[in-house]
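Just below is one structure, and these are the notes that go with it.
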Amino acid sequence: QVQLVESGGGLQQAGGSLRLSCAASGRTFIGYAVGWFRQAPGKEREFVTAIFWTGTNTYYADSVKGRFTISRDNAKNTVYLQMNSLKPEDTAVYYCAASRSLRSSTVYYPREYDYWGQGTQVTVSS
């Protein structure tokens with residue numbers, strides 16, 4: 001079992017920045033790819049970004065490309081999501097998720113992830 005805990009959410013003005021963290025406990029992150037998803041009220045959970053174990057392969061939704069950056073520190077069992085130039089439409093609950101069986105073609109689908117955190121609220125005011 002891998003337990004994931006997100007932190008770093010909060011209220012930010014449009015144009016501002018936030019950094020989310022996803023810390024793993026239980027089994028280590030060795031070999032796990034990690035993704036970030038978000039869900040706004042009344043909407044489906046959507047893919048934001050993902051990173052593979054080595055950190056060399058990253059994937060982004062078009063809506064966040066150039067503004068968000070995913071990174072990981074395997075020694076700390078932590079994955080980060082740096083969010084810059086925030087927009088009101090970025091408002092959502094952000095979830096991190098982990099999987100050992102992801103492929104580049106499947107990072108976008110929530111069903112491909114085995115472990116999920118409880119989520120952290122991000123609110124961007126205009």
Side-chain angles (χ1 to χ4, degrees):
Q1 280 287 74
V2 174
Q3 290 81 43
L4 303 175
V5 178
E6 302 96 336
S7 62
L11 175 63
Q12 183 60 267
Q13 290 186 332
S17 298
L18 283 172
R19 189 176 82 155
L20 305 184
S21 298
C22 173
S25 61
R27 291 183 178 178
T28 69
F29 257 159
I30 294 176
Y32 282 85
V34 174
W36 286 95
F37 290 78
R38 65 187 182 186
Q39 189 165 19
K43 294 188 177 181
E44 292 188 354
R45 191 166 298 190
E46 66 171 357
F47 171 79
V48 176
T49 181
I51 187 168
F52 276 69
W53 162 247
T54 60
T56 56
N57 296 80
T58 57
Y59 305 83
Y60 295 92
D62 288 343
S63 59
V64 307
K65 207 170 288 184
R67 300 188 298 122
F68 290 11
T69 303
I70 190 171
S71 62
R72 66 190 299 163
D73 184 339
N74 291 331
K76 295 183 178 179
N77 282 346
T78 302
V79 171
Y80 303 99
L81 178 59
Q82 179 67 43
M83 305 187 296
N84 298 330
S85 302
L86 284 164
K87 303 176 181 180
E89 51 263 44
D90 295 320
T91 295
V93 178
Y94 283 71
Y95 300 90
C96 66
S99 171
R100 293 197 68 174
S101 58
L102 283 180
R103 300 188 300 274
S104 59
S105 60
T106 63
V107 299
Y108 309 98
Y109 307 110
R111 65 177 183 266
E112 299 293 331
Y113 293 78
D114 302 310
Y115 304 102
W116 289 81
Q118 81 291 347
T120 185
Q121 176 70 47
V122 171
T123 302
V124 183
S125 62
S126 57

Return the minimal non-hydrogen interatomic distance between [X] and [Y], and the atom names on each side.
{"X": "Ser99", "Y": "Ser101", "result": "OG-N, 3.0 Å"}
{"X": "Thr91", "Y": "Ala40", "result": "O-CB, 3.7 Å"}
{"X": "Gly119", "Y": "Val93", "result": "CA-CG1, 3.8 Å"}
{"X": "Ile70", "Y": "Val79", "result": "CG1-CG1, 3.8 Å"}

Polar side-chain atom of [X] near backbone of [Y] as donor-acceptor pair, under 3.5 Å:
{"X": "Glu6", "Y": "Thr120", "result": "no"}
{"X": "Tyr113", "Y": "Val34", "result": "no"}
{"X": "Thr56", "Y": "Thr54", "result": "no"}
{"X": "Arg72", "Y": "Phe52", "result": "yes"}

Is there a path of hydrophobic side-chain contacts, each under 4.5 Å between heavy atoms of I/L/V/M/F/W/Y residues, joining [Y] to [X]?
{"X": "Leu102", "Y": "Ile51", "result": "no"}
{"X": "Leu86", "Y": "Val64", "result": "yes"}
{"X": "Tyr59", "Y": "Tyr95", "result": "yes"}
{"X": "Val2", "Y": "Leu20", "result": "yes"}
{"X": "Tyr108", "Y": "Tyr115", "result": "no"}

Task: Derivation of the side chain to side chain contact (heavy atoms under 4.5 Å, CB included) call for Arg67 and Lys87 - done: CA-CA 10 Å; Arg67 300 188 298 122; Lys87 303 176 181 180; 3.8 Å; yes
Task: side chain to side chain donor-acceptor pair (under 3.5 Å) partners of Thr123, counting only residues at least two apart - done: Gln121
Task: Partners passing side chain to side chain donor-acceptor pair (under 3.5 Å) against Gln82 (at least two apart in sequence or in another chain) - done: Asn84
Between [atom1] of [X] and [atom2] of [Y], what distance do you get to the nearest 0.5 Å?
{"X": "Tyr32", "Y": "Asn74", "atom1": "OH", "atom2": "CG", "result": "13.0 Å"}
{"X": "Phe68", "Y": "Thr49", "atom1": "CZ", "atom2": "OG1", "result": "9.5 Å"}
{"X": "Leu81", "Y": "Tyr94", "atom1": "CG", "atom2": "OH", "result": "7.5 Å"}
{"X": "Leu4", "Y": "Asn77", "atom1": "CG", "atom2": "CG", "result": "10.0 Å"}
{"X": "Gln12", "Y": "Ser125", "atom1": "CD", "atom2": "OG", "result": "7.5 Å"}

Open item on the list: One pair to check against side chain to side chain contact (heavy atoms under 4.5 Å, CB included): Met83 and Trp36. What are the steps and the verdict?
Closed with: CA-CA 12 Å; Met83 305 187 296; Trp36 286 95; over 6 Å; no
Task: Contact list for residues 99-125, test salt bridge (Lys or Arg N to Asp or Glu O under 4.0 Å), sequence neighbours left out - done: none
Open item on the list: Give me each pair satisfying salt bridge (Lys or Arg N to Asp or Glu O under 4.0 Å) with a member in residues 48-64, each pair once, sequence neighbours excluded.
Closed with: Asp62-Lys65
Open item on the list: Check the orientation of Phe37 and Phe47. Use parallel for under 30°, tilted for 30 to 60°, and perpendicular for over 60°.
Closed with: perpendicular
Open item on the list: Could you work out, with side-chain contact (heavy atoms from CB on, under 4.5 Å) as the rule, every residue matching Glu46, not counting sequence neighbours?
Closed with: Arg38
- [ ] Please name all residues satisfying side-chain contact (heavy atoms from CB on, under 4.5 Å) with Ser126, sequence neighbours left out, ordered by chain then number.
- [x] Pro88
